[in-house]
Amino acid sequence: MKKYKKIIDKIYKCLRLSESANPNEAALALRQATSMMRKHGISDAQVMAAEVTESTTQAGERFNPPFWALALANLIAEAFQCRNLISRQYGRRPEFRFIGLGFKTEVATYSYTVLHRYLLRAIEEFELLVKEGEAKDEVEKQRRIEVFAQAWLFRVGRTVSEFIGDDADTKIIDEYIQEKYGETAELAGEPIDTQNADYDDILSGMRAANEVKIFRDRKSTRLNSSHTDISRMPSSA
């Protein structure tokens, strides 16, 4: 694909022009696109892959991100019809790589970054309460924090799930990933099993998540909480 990238870009532009309201211009653009595809042996899938974009964001400090970070990234990817890969190299911070069509990857990256920031802040506030409480040891304290984070994610997930669209674009994205990255492995974390004694921590996590609101209009996605109001217009595809 790299060898024909310039040609594929030209074909893609012609196909976009073929959607013109001017019938003569549309017909000429379509003939040019078809002619170049035949000449160079380029498939429809290769052309459609020209619309695939990537956007990355840091996945935190840990080489193996916690379950809630993986779950949040996957939830965001699904909401914006993207695929999510995690890139890990020793000596470097891991990165989440959102792969999708047009500006959706930028919106996905922005959404993950902001929601991750809100969750970290909520965890820090809850951690202070745990340290002041009667948790017996560090293992128990960490388990309670994980339960809290999972409850927060569950509550926010109900809101994010309203954005989830269809899977019409996933075949193109999957073919792009296969051609560029080859086979990829699954990285799945394990959620904490909750108990009756975790009821208060679960409620705390869900209440903290109630501060986060997500709005979407035709051109933008906005996230805000009672502490912060952040908005950003995605760039055009």
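Between K141 atom NZ and E127 atom CD the span is 9.0 Å, to the nearest 0.5 Å. Put simply, OG1 on T56 and CZ on F96 are 12.0 Å apart, with the number rounded to the nearest 0.5 Å. One distance of note links CZ of F98 with OH of Y110; it measures 14.0 Å at 0.5 Å rounding. With rounding to the nearest 0.5 Å, the separation of CZ in F67 from CD in Q150 is 5.5 Å. Rounding to the nearest 0.5 angstrom, the gap separating the OG atom in S87 from the CZ atom in R93 is 14.5 Å.
Scanning all heavy atoms of the two residues, the minimum distance from K104 to Q81 falls at NZ-OE1, 3.0 Å. Across all their heavy atoms, A77 and N84 have their closest contact at CB-CB, 3.7 Å. Smallest separation of non-hydrogen atoms from W68 and A149: CD1-CB, 3.5 Å. Closest non-hydrogen pair, A29 versus C14, comes out as CB-O, 3.2 Å. Contact record, T105 with G100: CG2-N, 2.9 Å, taken as the closest heavy-atom pair. The two atoms that bring I202 and A151 nearest to each other are O-CB, 3.3 Å, heavy atoms only.
Classification of the F148-F126 ring pair by plane angle, with boundaries at 30° and 60°, yields parallel. Taking the six-membered ring where the residue is Trp, H116 and Y112 present parallel rings, their angle staying beneath 30° rather than reaching 60°.
Using a 4.5 Å heavy-atom threshold, the side chains of V156 and Y118 count as separate. In this structure, I86 and P65 have side chains that are in contact, with non-hydrogen atoms separated by less than 4.5 Å.
In summary, R143 and E140 engage in a salt bridge, as defined by a charged side-chain N under 4.0 Å from a carboxylate O.
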Before you tell me yes or no, could you show the steps for L119 and L115 under side-chain contact (heavy atoms from CB on, under 4.5 Å), namely the whole-Å CA-CA distance, both residues' side-chain angles and the distance that decides it to 0.1 Å?
CA-CA 6 Å; L119 177 50; L115 286 174; over 6 Å; no

Please assess D174 against R83 for the test side-chain contact (heavy atoms from CB on, under 4.5 Å), listing each intermediate value before the final yes or no.
CA-CA 8 Å; D174 289 342; R83 288 287 188 251; 2.8 Å; yes

What do the steps show when you test I99 against T53 for side-chain contact (heavy atoms from CB on, under 4.5 Å), and what is the final call?
CA-CA 6 Å; I99 302 174; T53 61; over 6 Å; no

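In terms of hydrophobic clustering, with Ile, Leu, Val, Met, Phe, Trp and Tyr side chains grouped at heavy-atom distances under 4.5 Å, L30 and L28 are assigned to different clusters.
At a cut-off of 3.5 Å, with distance as the only test, no side-chain donor of T109 or T57 sits close to an acceptor on the other residue.
In summary, of the residues considered (R38, M37, R31), a side chain to side chain contact (heavy atoms under 4.5 Å, CB included) with T34 occurs for R38 alone.
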